[in-house]
Amino acid sequence: MAISTALWSFALVVGLLTLTPGLDTALVLRTAAVGHRRRAWGVVLGIQSGTLVWGALTSAGITAVLTASQLAYDVLRWAGAAYLLWMGGRMLLATLRRRRGGEDTGSVEVPGPSEGRPTLAAGWRQGLLTNVLNPKIGVFYVAVLPQFIPEGAPHLATGVLLTLVHVVLGTVWSAVLVGCAKAVGGWLRRPAARRALDRVTGTAIVGFGVHLALSE
């Protein structure tokens, strides 16, 4: 298989994966929708940094440990589940505090301290941790990436090149999500809509955490 064929084939596979709604989609949409556009782009960059880490480790053969060692997989799985439960639970608790505050539902809400700092670096850390602590991404790369590396091609360099295709597609799709969130951001920043958005997103993140904890 030629390298050009491998790139296009891999782009098709990860393109379909990128378009599938999941944790990354929920996190980017919610962060952008509440008006934290800088932090949203930080989340995007963090997620793609995590993808690059998984791709590089897989190309170097390191992530094969996840498929060979149940203990290594379980440690990472429980760490990822705990982080998602903490993040989603914190979001849900914040909606209860704002509800008890009895703010005017007709006004635009100012983000409170429970949001954390709406900076690029804070978003990058959140996106990176969300991605790196998900062992299923590592297992996906272990199972899929080697199949698209042509025989005789440098394993590490080709694997990283293929991963960069995934990063580019993910970044482009995230830009579309941020743009869509901006279009309805004014309405979603109203307190009632904001509470509903945070409850849906928080519940989804907690659900992802529970699913990860219970998965084998």
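Residues V132 and V144 share a single hydrophobic cluster, defined by chaining ILVMFWY side chains whose heavy atoms lie under 4.5 Å apart. Linking Ile, Leu, Val, Met, Phe, Trp and Tyr whenever their side-chain heavy atoms come within less than 4.5 Å leaves I137 and L52 in two separate clusters. Under the 4.5 Å side-chain heavy-atom criterion for grouping Ile, Leu, Val, Met, Phe, Trp and Tyr, V44 is connected to L17 within one hydrophobic cluster. Under the 4.5 Å side-chain heavy-atom criterion for Ile, Leu, Val, Met, Phe, Trp and Tyr, V53 and F140 are members of distinct hydrophobic clusters. Note on L23 and L19: same hydrophobic cluster, where clusters join Ile, Leu, Val, Met, Phe, Trp and Tyr whose side-chain heavy atoms are under 4.5 Å apart, directly or indirectly.
At least one side-chain heavy atom of P150 sits under 4.5 Å from a side-chain heavy atom of T158. Using a 4.5 Å cut-off on side-chain heavy atoms (C-beta onward), Q48 and L45 make no contact. Under the 4.5 Å side-chain criterion, counting only non-hydrogen atoms from C-beta, R37 is in contact with V178. Counting only heavy atoms from C-beta outward, the side chains of V13 and F148 approach each other to under 4.5 Å.
Residues meeting the side-chain contact (heavy atoms from CB on, under 4.5 Å) test with V210, sequence neighbours left out: L85, V206, L214. Taking the side-chain hydrogen bond (donor to acceptor under 3.5 Å, both in side chains) definition, one finds that T201 meets it with nothing, sequence neighbours left out. Partners of F208 under the ring-ring contact (aromatic ring centres under 6.0 Å, His included) rule, at least two apart in sequence or in another chain, do not exist in this structure. Judged as a side-chain hydrogen bond (donor to acceptor under 3.5 Å, both in side chains), and not counting sequence neighbours, H155 has no contacts. Residues that satisfy the side-chain contact (heavy atoms from CB on, under 4.5 Å) test with P146, not counting sequence neighbours, are absent from this structure. Listed by chain and residue number, W124 satisfy the side-chain hydrogen bond (donor to acceptor under 3.5 Å, both in side chains) test with S49 (two or more places apart in sequence, or in another chain). Listed by chain and residue number, I47, T130, N131 satisfy the side-chain contact (heavy atoms from CB on, under 4.5 Å) test with D24 (two or more places apart in sequence, or in another chain). Shown here are the side-chain contact (heavy atoms from CB on, under 4.5 Å) partners of V176, two or more places apart in sequence or in another chain: W173, C180.
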Which atom pairs, one a donor and one an acceptor, fall under 3.5 Å between side chains of residues 161-171 and the rest of the protein, sequence neighbours left out?
from	atom 1	to	atom 2	distance (Å)
T163	OG1	G159	O	2.8
H166	ND1	Y141	OH	2.6
T171	OG1	V167	O	2.8

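Taking OG1 of T203 as the reference point, atom CZ of R199 lies at 9.0 Å (rounded to 0.5 Å). Rounding to the nearest 0.5 Å gives a distance of 6.0 Å between OG1 of T58 and CG of L145. For the atom pair L133 CG and L84 CG, the distance stands at 8.0 Å (nearest 0.5 Å). To the nearest 0.5 Å, atom OG1 of residue T119 and atom CZ of residue R125 are 6.0 Å apart.
For the ring-ring contact (aromatic ring centres under 6.0 Å, His included) condition, no pair includes a residue of residues 37-60, sequence neighbours left out.
Using a 4.5 Å cut-off between side-chain heavy atoms of Ile, Leu, Val, Met, Phe, Trp and Tyr, W8 forms no hydrophobic cluster with any other residue.
No side-chain donor-acceptor contact under 3.5 Å links Q126 to the backbone of A122. Listed for the R77 side chain is a donor-acceptor partner under 3.5 Å among the backbone atoms of A213.
Using a 4.0 Å cut-off between charged side-chain N and carboxylate O, D198 and R195 make no salt bridge.
What you find for T31 and L27 is that their closest heavy atoms are OG1-O, 2.7 Å. Contact detail for L212 and P135: the closest heavy-atom pair is CD1-CD, 4.0 Å.
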Problem set entry | From CA spacing to verdict: side chain to side chain contact (heavy atoms under 4.5 Å, CB included), I205, R30 | CA-CA 11 Å; I205 292 175; R30 186 263 172 191; over 6 Å; no

